[in-house]
Amino acid sequence: MTPTIRSGQQSDVVACVDILRDWAEETPWMAELDERQSMQAFWSDLFNTDLVWVAEIEGRIVGFCTRDEDNIGALYVVPEVRSTGIGKRLLDMAKADRDWITVWAYEENIHALRFYRREGLVEICREIEAESNLMNIEHRWTRAS
């Protein structure tokens, strides 16, 4: 099953919010998320302003990535297809037309930290996120000259 990577559409918002909510529910240290309806409204607006890519297998969305100008806002992949290259393909889409990008990941999210390091992103700063009281780490990737 080879995934298709395509531009995200408004009709993908519910599936992407479900992926995010499922990740949060399986992550014991993650702060409680907003209600589903308010999350869908937020992400619906974001899908109108940011670039969005979704990974799809047999009509099912299995991952997504959002990027504004130079910052990745989200990159999530469902558990059963993690470590198959889908996250890398989504990240590569976000990097494709940029000289640099940033992405934030929580210190507790060791899988994301390992993934971003492997993909050439380096830590540039840390700060406590006020809403969650979690340490958030900013990473930057810069295109080689």
Q) Roughly how far, to the nearest 0.5 Å, is CZ of Arg60 from CD of Glu80? A) 4.5 Å
Q) Which class fits the ring pair Trp43 and Phe64: parallel under 30°, tilted 30 to 60°, perpendicular over 60°? A) perpendicular
Q. Please walk me through it: do Asp12 and Arg6 pass side-chain contact (heavy atoms from CB on, under 4.5 Å)?
A. CA-CA 11 Å; Asp12 301 325; Arg6 63 170 173 79; 2.8 Å; yes
Q | Ser7 side chain reached by Phe47 side chain, heavy atoms, under 4.5 Å | A | no
(Q) Keeping Asp34 on the side-chain end and Arg36 on the backbone end, is there a donor-acceptor pair under 3.5 Å? (A) no
**Q.** Min side-chain heavy-atom separation Pro3-Arg89 under 4.5 Å
**A.** yes
Q) Partners of Glu26 by side-chain hydrogen bond (donor to acceptor under 3.5 Å, both in side chains), sequence neighbours excluded? A) Arg82
Q: Give the cluster check for Trp23 versus Leu113: same hydrophobic cluster or not, with ILVMFWY residues linked at side-chain heavy-atom distances below 4.5 Å.
A: no
**Q.** Shared hydrophobic cluster for Ile128 and Met30 (ILVMFWY, side-chain gaps under 4.5 Å)
**A.** no
Q.
Please determine whether side-chain contact (heavy atoms from CB on, under 4.5 Å) holds for the pair Val78 and Asp22, giving the CA-CA distance in whole Å, both sets of side-chain angles, and the decisive distance to 0.1 Å.
A. CA-CA 8 Å; Val78 298; Asp22 289 348; over 6 Å; no
Q: Step by step, work out the side-chain contact (heavy atoms from CB on, under 4.5 Å) result for Leu121 and Val103.
A: CA-CA 9 Å; Leu121 285 85; Val103 63; 3.3 Å; yes
Q) Does Arg21 reach the main-chain N or O of Met39 with its side chain, forming a donor-acceptor pair under 3.5 Å? A) no
Q.
Measuring from atom CG of Asp70 to atom NZ of Lys95, what distance do you get when rounded to the nearest 0.5 angstrom?
A. 14.0 Å
Q: For Arg143 and Ala96, work out which heavy atoms get closest and say how close.
A: NH2-O, 3.0 Å
(Q) Which heavy atom of His139 sits nearest to which heavy atom of Ala105, and what is that distance? (A) CE1-CB, 4.2 Å
Q. Roughly how far, to the nearest 0.5 Å, is CD1 of Ile124 from CD of Glu138?
A. 3.5 Å
(Q) So for atom CD, which belongs to Glu35, do other residues, nucleotides or ligands contribute more than 12 heavy atoms lying within a distance under 6.0 Å? (A) no
Q.
Give me each pair satisfying salt bridge (Lys or Arg N to Asp or Glu O under 4.0 Å) with a member in residues 120-135, each pair once, sequence neighbours excluded.
A. Glu107-Arg126, Glu123-Arg126
**Q.** side-chain hydrogen bond (donor to acceptor under 3.5 Å, both in side chains) involving Thr102 - partner list, sequence neighbours excluded
**A.** Asn71
Q) What distance separates Thr2 OG1 from Glu56 CD, expressed to the nearest 0.5 Å? A) 13.5 Å
Q. Near Gln37 CD, under 6.0 Å, is it more than 12 heavy atoms from other residues, nucleotides or ligands?
A. no
Q: For Phe115, enumerate each residue passing the ring pair (Phe, Tyr, Trp, His ring centres under 6.0 Å) test, keeping only those at least two apart in sequence or located in another chain.
A: none
Q | Option passing side-chain contact (heavy atoms from CB on, under 4.5 Å) with Ile101 (candidates Ile72, Thr142, Asp68) | A | Ile72
Q | Least distance between heavy atoms, Cys16 atom then Ile61 atom | A | SG-CG2, 4.3 Å
Q. Rounded to the nearest 0.5 Å, how far does CD1 of Ile137 lie from CH2 of Trp104?
A. 9.5 Å
Q. Can Leu46 be reached from Leu51 by stepping across I, L, V, M, F, W or Y side chains whose heavy atoms are under 4.5 Å apart?
A. yes
Q) Between Tyr76 and Leu90, is any pair of side-chain heavy atoms under 4.5 Å apart? A) no
Q: Using the side-chain contact (heavy atoms from CB on, under 4.5 Å) rule, take Met135 and Glu108 through it: C-alpha gap first, then chi angles, then the decisive distance, then the call.
A: CA-CA 8 Å; Met135 179 63 72; Glu108 295 278 341; over 6 Å; no
(Q) Consider side-chain contact (heavy atoms from CB on, under 4.5 Å). Of Thr84, Ile86, Ile19, Val62, which one does Val77 pass it with? (A) Ile86
Q. Got a sec, which residues hit ring pair (Phe, Tyr, Trp, His ring centres under 6.0 Å) with Trp141, two or more places apart in sequence or on another chain?
A. none
Q. Are Tyr106 and Val122 connected in the hydrophobic side-chain network, where two residues link if heavy atoms are under 4.5 Å apart?
A. no
Q. In chain order, what residues pass the side-chain hydrogen bond (donor to acceptor under 3.5 Å, both in side chains) check against Asn48, with sequence neighbours excluded?
A. Gln10
(Q) Membership question, hydrophobic clusters at under 4.5 Å side-chain separation (ILVMFWY): are Val54 and Val14 in the same one? (A) no
Q: Looking only at non-hydrogen atoms, find the nearest pair between Ala55 and Ile5 and report the distance.
A: CB-CD1, 3.5 Å
